[in-house]
Amino acid sequence: MAEQSSDRARREQRVTDQVVASFETTDNDRFSEVMQALVRNLHAFVRETRLTEEEWNAAIEFLTAAGHITTDTRQEFVLLSDVLGISMLTVAVNEPDLGDVTESTVLGPFFVQGAPEIPLGGDIVKGATGEPSWVYGTVTDTDGQPVPGARIEVWEADDDGMYDVQHEDGALAGRAHLFSDHEGRYRFWGLTPTPYPIPDDGPVGRLLRRAGRSPMRAPHLHFMVTAPGFRPLTTHIFVSGGPYLDSDSVFGVKESLIRTFERHPAGTPAPDGLRQERPWTSARFDIVLGKA
Ligand code: BEZ
Ligand code: FE
């Protein structure tokens, strides 16, 4: 009996060894390294779970459904990576060791190239619905020196939990870019972030329901900050006290990115002199970039 099971183990290992060996000599060492590790780890998963053929079939059907629902504007594979924590683990593995640099988090599927430029103090809202929020801060290096001219891309969902690209009209709203001034300062009007579900009408949504997991994301505002000579930063800020901070469906929350969105009653003059007729909030986010 013991001999039979060691025969079985040898047979199984032989498959793995053959496949690993098939990637030994490619024209790219990194490709070989990644593919061999992928094969070793996937085979270990099959051995550990004693994967059945029905389960293998279910996995193929799942991936096929993910492929069918994926379009230019709906990326189910990124979503799968997000809910499995692969996106955040990749972020963690690539995070620099520079202690003071602002932490990164997931990009998500709703970033759009070519969002309009707004002036400092401008409005990214452009018809998106929600509570106005004055967002401001500085961009500095790790010595506290200002980074002028940093390009700051910002995007967020409206208070229905929808990004502009999810609306049929195709109009850009709730997104823009601006540049930090000569002292590294920036400011703009956005919306107080509200919670929303990640797209859950496809196979990833079914996976979450099967696991009894919520699709909700903690309220957040996305930033992507770039400046010559610095590492690009992709991050969000989260609303202190907001829901789902402990159960964000894509594991994106980091303590250092939680910010107070201070509440102001209707009629309180804003820092730019604007008198909002509705209640509004303000949030400060000072960004520290690491050298490239
Ligand atoms: C987002 O924050 O926009 C997002 C991130 C991951 C998956 C879905 C949405
Ligand atoms: Fe988002």
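Sequence positions, counted from 1, serve as the residue numbers for this chain. Counting starts at 1 for both ligands and their atoms, in listed order. Computed from a prediction, not measured in an experiment: that's the story for all the values here.
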Is any NZ, NE, NH1 or NH2 atom of the basic residue among Asp201 and Arg206 found under 4.0 Å from an Asp or Glu carboxylate oxygen of the other? no

Next on the checklist: Checking Thr52 against Glu55: is there a side-chain donor and acceptor pair closer than 3.5 Å?
Outcome noted: yes

One finds that the ligand 1 atoms under 4.0 Å from a non-hydrogen atom of Val250 are 6 (C), 7 (C)

The option among Pro109, Gly108, Ser87 carrying the non-hydrogen atom nearest to atom 9 (C) of ligand 1 is Pro109

Which atom of His222 is nearest the Fe ion (ligand 2), counting N, O or S only? It is NE2

Side chains of Ser87 and Asp82: any donor to acceptor distance under 3.5 Å? yes

Margin query: So, 4.0 Å and heavy atoms of Phe111: is ligand 1 close enough to count as a contact?
Written below: no

field: Between Thr281 and Ser133, a side-chain donor and acceptor under 3.5 Å
entry: yes

Ligand 1 to His222, heavy atom cutoff 4.0 Å, flagged ligand atoms 1 (C), 2 (O), 3 (O)

Evaluate the ring planes of Trp280 and His264, with Trp represented by its six-membered ring, and classify them as parallel (under 30°), tilted (30 to 60°) or perpendicular (over 60°). parallel

Point to revise | Distance-only donor-acceptor check, side chains Thr194 and Asp159, under 3.5 Å | key: no

Answer yes or no as to whether an N/O/S atom of His236 is found below 2.8 Å from the Fe ion (ligand 2). no

Exercise. Can you find a heavy atom in the side chain of Glu156 that is under 4.5 Å from one in the side chain of Leu191?
Worked result: yes

Please check whether His236 reaches ligand 1 - meaning an N/O of the residue sits under 3.5 Å from an N/O of the ligand, judged on distance alone.
no

Numbered in order shown, the ligand 1 atoms found under 4.0 Å of a heavy atom of Leu79 are 7 (C), 8 (C)

In this structure, the Fe ion (ligand 2) sits at the vertex of an angle between OH of Tyr163 and NE2 of His220 that rounds to 10° as 110°

min-distance protein heavy atom vs atom 7 (C) of ligand 1 -> Asp82 OD2, 3.1 Å

- Message: Tell me if a side-chain donor or acceptor on Thr16 pairs with a main-chain N or O of His43 at a distance below 3.5 Å.
- Response: no

In ligand 1, the atoms that come under 4.0 Å of a heavy atom of Phe110 are 3 (O), 9 (C)

Atom 1 (C) of ligand 1 sits nearest the protein heavy atom Tyr196 OH, 2.8 Å

Per-atom filter on ligand 1: closer than 4.0 angstrom to a heavy atom of Ile198 are 7 (C), 8 (C), 9 (C)

Side-chain heavy-atom pair Val239, His220 within 4.5 angstrom cut-off: no

